[in-house]
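What follows is one structure encoded as structure tokens, with my remarks underneath.
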Amino acid sequence: SYSSRKKRHYEIHSYIKPHLHGNKILEVGCADGSLGQILLAEDRNRIYIGTDPLIPESAKPSDHFYLIRQELTILPVADDSMDCVLLIDMLHHASPEDQFKLISQVISKLKTNGRIIFFEYCYSTDKAALNGSKSLDKFMSLSDSQKISCMSIIDWIGNSLIHRRDIPMPYSYKTVEEWEKFYSTFKLKLVQSQYLGFSKDFFHPGTYGLLILEKTNETLGSVNNTVE
């Protein structure tokens, strides 16, 4: 429902707010741009650009709020122009090859010292969760293959059955630690890595991680699409 989606975006905002950087924000995989509306309500000096191949017709741009219907790996903004890029619960919907292509694009669009805020459906192999619970203990007691099976089923039910989104479902999951390794191949500076566990308000029956990454002068614009 609309109210549950709104609640979800407010909770995501509570996690990412301390890490927002600058006024020019790009969100890749923005859906209807609900998170952008929250960001602009908080600070009217911001400029928000959201891209997504499936932006609904009901979503309308407004002052400082721009929505662009575009393929995932094409970011129609100028190089070195963005202060912050948001990747919120979307990169597991891209193939491993497209994940590399997208991050190369993201890096090219970020200013030096700009940030990637990465909030993703995943679990950790060695980090304690911020939000512990009995449900999380049960989930973490599963084998890795069982965890992936649970995540895949939940993902399919949420996107295909409930919301009926025609969205790619390659189930390209990684653990928090694997995402750290993935981003390290680009020589992005890891500012923070956190395993959140289940949502505080259980907006999604799955576990999440949060990575904050920064572009430096050493950051690579592209790498081979393999991780040793």
Side-chain angles (χ1 to χ4, degrees), residues 16 19 21 24-31 35 49-55 68-125 127 144 147-148 151-152 155-156 159 165-195 206-228:
I16 71 172
H19 309 290
H21 178 79
K24 297 187 73 174
I25 299 172
L26 171 67
E27 182 180 7
V28 183
C30 68
L35 183 57
I49 302 169
T51 70
D52 195 302
L54 300 173
I55 292 174
I68 303 172
R69 194 173 287 109
Q70 186 59 270
E71 292 304 313
L72 186 70
T73 57
I74 299 174
L75 305 181
V77 297
D79 288 353
D80 303 307
S81 64
M82 294 291 113
D83 295 306
C84 192
V85 176
L86 308 180
L87 304 174
I88 306 296
D89 197 17
M90 50 71 65
L91 206 51
H92 61 280
H93 289 295
S95 67
E97 181 181 1
D98 281 348
Q99 289 173 353
F100 277 89
K101 287 180 181 177
L102 175 59
I103 299 308
S104 295
Q105 280 287 300
V106 166
I107 288 169
S108 73
K109 305 308 178 184
L110 274 174
K111 300 175 183 177
T112 301
N113 300 321
R115 284 189 169 183
I116 297 172
I117 296 181
F118 178 68
F119 184 93
E120 178 65 19
Y121 187 35
C122 61
Y123 66 94
S124 173
T125 55
K127 286 180 170 62
D144 286 345
K147 290 187 185 81
I148 295 299
M151 292 168 71
S152 301
D155 215 6
W156 180 82
N159 286 288
R165 297 181 183 127
D166 184 18
I167 189 170
M169 301 286 287
Y171 307 112
S172 301
Y173 306 121
K174 293 178 174 65
T175 64
V176 173
E177 292 73 23
E178 288 169 338
W179 282 120
E180 290 176 4
K181 188 174 182 179
F182 168 81
Y183 283 109
S184 73
T185 62
F186 295 91
K187 296 190 176 180
L188 285 155
K189 178 182 177 182
L190 182 62
V191 176
Q192 182 172 317
S193 176
Q194 194 169 30
Y195 179 37
T207 58
Y208 281 84
L210 175 68
L211 271 65
I212 311 301
L213 304 126
E214 188 172 296
K215 178 179 176 178
T216 71
N217 291 325
E218 287 71 46
T219 298
L220 302 174
S222 63
V223 296
N224 294 328
N225 63 339
T226 55
V227 177
E228 297 275 333

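Taking the six-membered ring wherever Trp is involved, the centroid distance between the rings of Tyr123 and Tyr173 does not fall below 6.0 Å.
Two residues are said to be in side-chain contact when any heavy atoms from C-beta on lie closer than 4.5 Å; Glu120 and Leu87 fail this criterion. Contact of the Leu190 side chain with the Leu213 side chain is registered, since non-hydrogen atoms from C-beta on lie closer than 4.5 Å. For the pair Leu102/Gln99, no side-chain contact is recorded, criterion being any heavy-atom separation below 4.5 Å from C-beta on. Between Ile103 and Phe182 the shortest side-chain heavy-atom distance falls below 4.5 Å. With a 4.5 Å cut-off on side-chain heavy atoms, Leu91 and Ser172 do not count as touching.
Scanning both residues, Tyr195 and Cys122, for their nearest heavy atoms gives CE1-O, 3.9 Å. Smallest separation of non-hydrogen atoms from Ile107 and Lys215: O-NZ, 2.8 Å. Asp52 and Cys30 make their closest contact through OD2-N, 3.3 Å (heavy atoms, listed as atom of the first residue, atom of the second, distance). When every heavy atom of Ala31 is checked against every heavy atom of Ile55, the shortest pair comes out as O-CG1, 3.4 Å. Met82 and Ile25 make their closest contact through SD-C, 4.1 Å (heavy atoms, listed as atom of the first residue, atom of the second, distance).
Taking CD from Gln194 and OG from Ser124, the interatomic distance works out to 11.0 Å, rounded to the nearest 0.5 Å. Distance check, rounded to the nearest 0.5 Å: CG of Leu86 to CD1 of Ile49 gives 11.5 Å. A distance of 3.5 Å separates CD in Glu177 from OG1 in Thr125, rounded to the nearest 0.5 Å. Annotation: the span from Leu210 atom CG to His19 atom NE2 amounts to 5.0 Å, rounded to 0.5 Å. Rounded to the nearest 0.5 Å, atoms CE (Met90) and CG (Leu72) are 4.0 Å apart. Here Leu220 contributes atom CG and Phe186 contributes atom CZ; the two are 8.5 Å apart, rounded to the nearest 0.5 Å.
Here Arg115 does not pair with Asp83 in a salt bridge; the nearest charged N to carboxylate O distance is not below 4.0 Å. A salt bridge links Lys127 to Glu180: one of the charged nitrogens lies within less than 4.0 Å of a carboxylate oxygen.
The only option from Tyr208, Trp179, Tyr171, Tyr121 that meets the ring-ring contact (aromatic ring centres under 6.0 Å, His included) definition with His92 turns out to be Tyr121.
Judged by distance alone, the side chain of Thr112 and the main-chain N or O of Thr216 form no donor-acceptor pair under 3.5 Å. Side-chain atoms of Glu27 never come within 3.5 Å of backbone atoms of Leu35 as a donor-acceptor pair (strictly under, hydrogens ignored).
The neighbour count for Glu71 CD, taken as heavy atoms of other residues, nucleotides or ligands under 6.0 Å away, does not exceed 12. Annotation for Lys189: atom NZ does not count as buried by contact number, only 12 or fewer foreign heavy atoms lying within 6.0 Å.
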**Prompt:** Would Ile212 and Ile117 satisfy side chain to side chain contact (heavy atoms under 4.5 Å, CB included), going step by step from the backbone distance to the final call?
**Reply:** CA-CA 5 Å; Ile212 311 301; Ile117 296 181; 4.0 Å; yes

**Item:** Trace of the side chain to side chain contact (heavy atoms under 4.5 Å, CB included) decision for His93 with Asp155
**Value:** CA-CA 10 Å; His93 289 295; Asp155 215 6; 3.9 Å; yes

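Every residue two or more places apart in sequence or in another chain that forms a side-chain contact (heavy atoms from CB on, under 4.5 Å) with Asp79 is listed here: Ser108, Lys109. Residues passing the side-chain contact (heavy atoms from CB on, under 4.5 Å) test with Pro76, sequence neighbours excluded: Thr51, Ile68, Gln70.
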